[in-house]
Amino acid sequence: MRKRKTIGATIMSVVLGVSLFATGAFGQQLNSNETYRVLIKGPASEKAKAKESYGVRWDFAANGFTTTVNAQGYQALLHNKNLTIEKIPEVQIAVVKEAAKPGGNTVTGPSDRTPWGIQAIYNDSAIASTSGGGGIVVAVLDTGVNRNHPDLSSNVAQCQDFSQIKVSWVDNSCSDGNGHGTHVSGTVLANGGTGTGIYGVAPDAMLWSYKVLNDRGSGYSDDIAAAIRKVADQAAGKKIIISMSLGSSTRDSLISDAVDYAYGKGVLIVAAAGNDGSADNTIGYPGALPNVVAVAALENVQENGTYRIADFSSRGNSASDGDYVIQERDVEVSAPGRAIESTWKDGGYNTISGTSMATPHISGLAAKIWAANPTWSNLQLRTELQNRAKLYDIKGGISSATGDDNASGFGFARVK
């Protein structure tokens, strides 16, 4: 019997350009100058032949292997009746594009050593510095990090690049040409530098910076899945939090399997809810997965210390509001995400917005709580995040609702 071939989910953002097109199997147009990241499944003997012909990027054993092929190779694979071929979805940073400030957004010194989001999560507008997170690893899967930034350099314990084209990963390489990874890392654990820098939520935590996105802020789900598994394989005897300020509209089996694997190893996984606005069920993946803490973005209402969900923040499933249960496509908690100042790729500081910025607040909070309760499991830690959360209504006041809602989950989780 002929096996049916399946074409995977559409890549979110692929630039096809104006080069010549070829027509592939099933009438699909292929760009002759484009390369295609694919997942190949099938009998072991057939996979072995394909590995020899096309090479291997990541081998996920029973789940298949991935490789990158040109249009001709992709077309040949589609015609192979013994293999199932899926395109690998692209994943992007979860940041909101907003108008630049006059003269640019980056500055050499921070406007506040504890920016408003840090003050909010500590529930202390007068806080001068932060503390906590000792002994906890936060693995930030992003665009890399400026490991020489004075506010971060002493926290970087691992630095690896999963985004390179022809290798599995590169040790001691995680340069950040985008800035996003450096920014979210600072919100998690910036340590104040030499006395003039910014503080993150948990400045005593250790940073594992895994570059899974390129300098344009996009990457492929197989690289992310491989990085998640690499973190999980080091989890024995450690308390590890994975923080992912990235997302896709597509549920990807490689990432979901990797998340389940890491969760089963005792890792807590935190990810952005997405920036697709107020419609129901707009939450992105991997945040939408049941074993991931999905974080929505809050904004400060007229700088008066009350908070509401930002208009760009994605929503979960309103049908499950108030049920006290986190299921697939549910927001779990919320945190500051509008106009967040943090460390930047050039050694300075920048202010940007998105559920990307909300996520590291929760990752840092989780590190701080776990350090104070080192005997807890990842499940107990997750429950504590929910217990600390407080709902705010659309105007910024404390909500009378109970349980979770589709916009903010259980609400804003804070230090106190």
TODO: Check the pair S318 / D321 against side chain to side chain donor-acceptor pair (under 3.5 Å), numbers first and verdict last.
DONE: CA-CA 5 Å; S318 61; D321 280 3; 5.4 Å; no
TODO: Step by step, work out the side-chain contact (heavy atoms from CB on, under 4.5 Å) result for V138 and M206.
DONE: CA-CA 6 Å; V138 181; M206 293 178 287; over 6 Å; no
TODO: Might you work through the side-chain contact (heavy atoms from CB on, under 4.5 Å) test for I228 and I255, ending with a clear yes or no?
DONE: CA-CA 8 Å; I228 293 170; I255 290 182; 4.3 Å; yes
Task: Worked check of side chain to side chain donor-acceptor pair (under 3.5 Å) between E341 and S111 - done: CA-CA 8 Å; E341 187 175 23; S111 60; 2.6 Å; yes
- [ ] Starting from the C-alpha separation in whole Å, work towards a yes-or-no answer on side-chain contact (heavy atoms from CB on, under 4.5 Å) for V293 and I269.
- [x] CA-CA 6 Å; V293 177; I269 303 113; over 6 Å; no
TODO: Report the C-alpha distance between S221 and D252 in whole Å, list the side-chain angles of each, state the deciding distance to 0.1 Å, and finish with yes or no for side chain to side chain donor-acceptor pair (under 3.5 Å).
DONE: CA-CA 7 Å; S221 64; D252 176 72; 3.2 Å; yes
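Using a 4.5 Å cut-off on side-chain heavy atoms (C-beta onward), N317 and N406 make no contact. Taking 4.5 Å as the limit, some side-chain heavy atom of I352 sits within range of a side-chain heavy atom of M357. Two residues are said to be in side-chain contact when any heavy atoms from C-beta on lie closer than 4.5 Å; S163 and L213 fail this criterion. Within the 4.5 Å cutoff, the side chain of K239 has no heavy atoms near those of the V137 side chain. A 4.5 Å side-chain heavy-atom check between P115 and P110 finds every atom pair outside the cut-off. Between H180 and V95 there is a side-chain heavy-atom pair separated by less than 4.5 Å. Using a 4.5 Å cut-off on side-chain heavy atoms (C-beta onward), Y36 and I88 make no contact. Taking 4.5 Å as the limit, some side-chain heavy atom of N378 sits within range of a side-chain heavy atom of Y263.
Classification of the F412-Y307 ring pair by plane angle, with boundaries at 30° and 60°, yields perpendicular. Taking the six-membered ring where the residue is Trp, W344 and H183 present perpendicular rings, their angle passing 60° and hence far from 30°.
Taking the ring centre of Y220 as origin, the terminal cationic atom of R37 falls inside the region bounded by 6.0 Å and 45° from the ring axis. With Y122 as the aromatic partner, R414 does not meet the cation-pi criteria of under 6.0 angstrom to the ring centre and within 45 degrees of the ring axis. Remark: K47 fails to qualify as a cation-pi partner of F65 under the 6.0 Å distance and 45° angle criteria applied to the six-membered ring.
A salt bridge is absent between D176 and R147: the closest approach of a Lys/Arg side-chain nitrogen to an acidic carboxylate oxygen does not fall below 4.0 angstrom. Here K49 does not pair with E52 in a salt bridge; the nearest charged N to carboxylate O distance is not below 4.0 Å.
Side-chain atoms of D330 and S320 form a donor-acceptor pair, as typed in the model, at a separation below 3.5 Å. Neither side chain, D404 nor Q386, offers a donor N or O lying under 3.5 Å from an acceptor on the other. Side-chain contact check for W58 and D223: at least one donor-acceptor pair (N or O, by modelled atom type) lies under 3.5 Å. No hydrogens or angles considered: a donor-acceptor pair under 3.5 Å links the side chains of S243 and S363.
Formation of a donor-acceptor pair under 3.5 Å by the R251 side chain with backbone atoms of Y285 is not found in this model. A distance-only check finds a donor-acceptor pair linking the side chain of T282 to the backbone of R315 [under 3.5 Å]. Side chain of R329 to main chain of A288: no donor-acceptor pair is present (N/O by atom type, distance under 3.5 Å, no hydrogens or angles).
Remark: R388 engages E384 in a side chain to side chain donor-acceptor pair (under 3.5 Å) (not counting sequence neighbours).
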For a quick test of your reading: what N or O donor-acceptor pairs under 3.5 Å do the side chains of residues 149-157 make, sequence neighbours left out?
residue: H149; atom: ND1; partner: D151; partner atom: N; Å: 3.1
residue: H149; atom: NE2; partner: G347; partner atom: O; Å: 3.1
residue: H149; atom: NE2; partner: G348; partner atom: O; Å: 2.9
residue: D151; atom: OD1; partner: G193; partner atom: N; Å: 3.4
residue: D151; atom: OD1; partner: Y349; partner atom: OH; Å: 3.4
residue: D151; atom: OD2; partner: I198; partner atom: N; Å: 2.8
residue: D151; atom: OD2; partner: Y349; partner atom: OH; Å: 2.7
residue: S154; atom: OG; partner: N191; partner atom: ND2; Å: 2.7
residue: N155; atom: OD1; partner: N191; partner atom: ND2; Å: 2.7
residue: N155; atom: ND2; partner: P203; partner atom: O; Å: 2.9
residue: N155; atom: ND2; partner: A205; partner atom: O; Å: 2.9

